[in-house]
Amino acid sequence: MRFHIGARRAGIAAIVLASLVGAQEKRHFSPREKGFYADTASVQYVNPGLVITVTGATIAANGTITAQYTLTDPTGLPLDSTGVGTPGTISTSFVAAYIPNSGEQYTAYTTKAASGTLIASETQPGADSGGTTTFLGSGAYQYVFGTKAPAGFDPTATNTIGIYGSRNLTAYGLTTNYASTTFNFVPNGAKVTHTRDLIETSSCNQCHEQLSAHGGSRRGVSLCVMCHTPQNVDPNTGDTVDFKSFIHRIHMGSSLPSVVAGGTFAITNSFGTSNYSTVVDPASAQRCEVCHQQTTGAAQATAFMTEPTRVACGSCHDDVNFATGANHPGGFQLDDTQCADCHIPQGETPFDASILGAHVVATDTAAFYPQNPDTLISGLNVAITGVTNTKAGSAPVVAFTLLDNNKNPIALSALGSLSFTMAGPATDFGYTIFGTSTSTPGYVTESAMTAAKCSANGSCTYAFTNVIPAKAAGTYAIGAEARITQTILAGTTSSQSVEYGAFNPVSYFSVDGSPVTPRRTIIQMSNCNTCHVALSEHGTLRSNVQYCVMCHNPSNTDAVTRATAPAPYVNQPPQGINFNLLVHRIHDGVNVTADGGQPYTVVGYMGSINNFSGVLFPGLSPTGAAADLANCAFCHVNSSEQADLALTGLNPVTDPQGLINPVQPFSSACSGCHVDIPSASHFLSNSNSLGESCNVCHGTGAAFSVDSVHAQY
């Protein structure tokens, strides 16, 4: 990097002055940033963060590409890339590409050579090399690309400059900050009207937190699509890494027909080989609009519906051969010109050949096709309207309603299942015994299919046969679960039976006259459904975490179902299934065995084996690595991951396959991710008959608070 000495000194002086002025105000950090926990003096000196902004770009008649840009912290203070005038050296890389006026995807100017086992030599999009950077003063820079636009380049086409970089602040006890940006321009100075903008990064970040890759510096869809074009092919497999194909295939993962048939889907690049063959989309890959959201302002948000192509469709349906017509009802297709003739955006009914119809999830039909309400999902809604006979030693009576989405009553006989679950106390479910005839630890569930009484308007009652324990005190809870099977589009070739459940209502009541105190809210379903969209488990019966915790309590294991499992599972100790252990361990999936733990396997209904060691959590770390669970706020609300450490009186957790059994409640939660022996030793050495001392070191404001040790940015 070459600098003009005088300009550099003046620029650095301006940077230092600006930093001193800015030091009077401390930037507001989120709890996910290390700066949130750093001392004020360090933060004001370092000003963590990195923002790259392109201020202008040109392509000269001889093809020379030039870009002007600034490097600042998030408050706008200029940064010195050498790390002399301001803390932290900054490295930057540059990409240039254009969109032909007659096309929709980028063609890269900047490329690199690649080779593999299948393709000996090819040219892929990549970062520029051989360019020259000039410091312009006060955080401003100019970069002249080593790559030139070819002779005869189109000056009327949209061109894009991409810059990605990093700022290393590890010497200051912080982290490496990453940033990237793109800038569109037309070389002849005309207004930019032709862009590629199908999906906004905000859609990706709902599950990925911060869409980033290749070490973390490549961030955001607008940068990704500059290199992930039809030019980009994996030389080891011959697979295209074009964005629309690559991303579809990743999210299909284990559901790809080629993978189901025994194949694999893996891509190799300079960062190694990534095998996506076990990926399960938490929302179901059928739900196109989870990514192709229509509310983000993306310029071409509807393109997935209006411009179907063989590459896009064939990426998920990779058993279709468009050249021969194999597995394609429309026969062979030589090009994409006829795709939209059959695959219109939306037809009159679901499950047709339209884009939305072909991908609609059966339980979503009412939302996607409101014009045909009589033929689609009518809905099942259970509401608990009251609980009486609630004193200790009594059998509660539940008043409830059964209604469809239009508030029409549903006959009890139409249901496939209806049950009520009672648990308590709400301070922490678990060790309450509801009579000698019950085999379920900490709760009791009763079917109401034959004993409930309903009126014609959908109002019903059910009287429990089990009683509230005679010595019960405090607040107890009753929740409901119900399921129905409905035939939709009856009498048509698209007719099918759809089984779905009701959202589980939970009602709290006092058993001793004390104030009703519902169980603390740790997780909200809205957080789960940010990724899962419509999470339901156990045959669609359970879809409310406030209901899940009644059964997935500290004393419960899979002992009952494990007794029906095949060898070797039937001979193994039961698996603990307390909610905090279960959910952490499930989401930690691939990390559990990688960190030295045993695969987390739960035996379910009728002896089904559920091994979660392949689960790849979609959260991305600052370096772009998947399976990152450090962002507790993805699931937790009210800072419960931190605030709950101050609670007392919670129940120990039964964990027969764990390193510690029983394990104390907070140790159980942490052991969901921290599965190795040193961590277990730490839990054990900080627990005794009086409880846990976690709050001393990991409590709010402590040196190693939960939130501070999970902060990554």
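This structure is a prediction, so every number in the text was calculated from the model and none was measured.
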- With a 3.5 Å cut-off and no angle check, do the side chains of Ser203 and Gln293 form a donor-acceptor pair? yes

- Taking atom types as modelled and ignoring hydrogens, do the side chains of Asn408 and Asp404 form a donor-acceptor contact shorter than 3.5 angstrom? yes

- Task: Just say parallel, tilted or perpendicular for the rings of His292 and Phe304, cut-offs at 30° and 60°.
- Result: parallel

- Task: Output the distance between atom CG (Leu376) and atom OG1 (Thr363), rounded to the nearest 0.5 Å.
- Result: 12.0 Å

- Message: How long is the straight-line distance from CD1 of Ile267 back to OH of Tyr276, given to the nearest 0.5 Å?
- Response: 7.0 Å

- Query: Looking just at side-chain N and O atoms, do Thr229 and Asp242 make a donor-acceptor pair shorter than 3.5 Å?
  - Reply: no

- His532 side chain vs Cys528 backbone, donor-acceptor pair below 3.5 Å: no

- So, does Thr487 use its side chain to make a donor-acceptor pair with the main chain of Gln496 at under 3.5 Å? no

- Query: Any donor and acceptor pair, going by atom type alone, linking the side chain of Asn504 with main-chain N or O of Ala480 inside 3.5 Å?
  - Reply: yes

- Query: Does Asn527 reach the main-chain N or O of Cys635 with its side chain, forming a donor-acceptor pair under 3.5 Å?
  - Reply: yes

- Distance-only side-chain donor-acceptor flag, Asn638 / Ser640, under 3.5 Å: no

- Note on the structure: To the nearest 0.5 Å, atom NZ of Lys244 lies from atom CD1 of Ile199 at 12.0 Å

- Kindly say whether Val259 contributes a backbone atom to a donor-acceptor pair with the side chain of Ser277 at under 3.5 angstrom? no

- Inspect cysteines Cys291 and Cys204 and report if their side-chain SG atoms are under 2.5 angstrom from one another. no

- Task: Compute the ring centroids of His538 and Tyr605, then answer whether they are less than 6.0 Å apart.
- Result: no

- N/O donor-acceptor pair under 3.5 Å between Arg483 side chain and Gly539 backbone: yes

- With ring centroids as reference points, do Phe420 and Tyr462 lie under 6.0 angstrom apart? yes

- Message: salt bridge (charged side-chain N to carboxylate O under 4.0 Å, His left out), that's the test. Do Asp239 and Arg249 meet it? Break it down for me.
- Response: CA-CA 11 Å; Asp239 286 332; Arg249 297 197 75 190; 3.7 Å; yes

- Item | Sole candidate of Gln105, His228, Met226 that passes side-chain contact (heavy atoms from CB on, under 4.5 Å) when paired with Phe243 | His228

- Task: Look at the side chain of Gln346 and the backbone N and O of Ser354, then say whether any donor-acceptor pair between them is shorter than 3.5 Å.
- Result: no

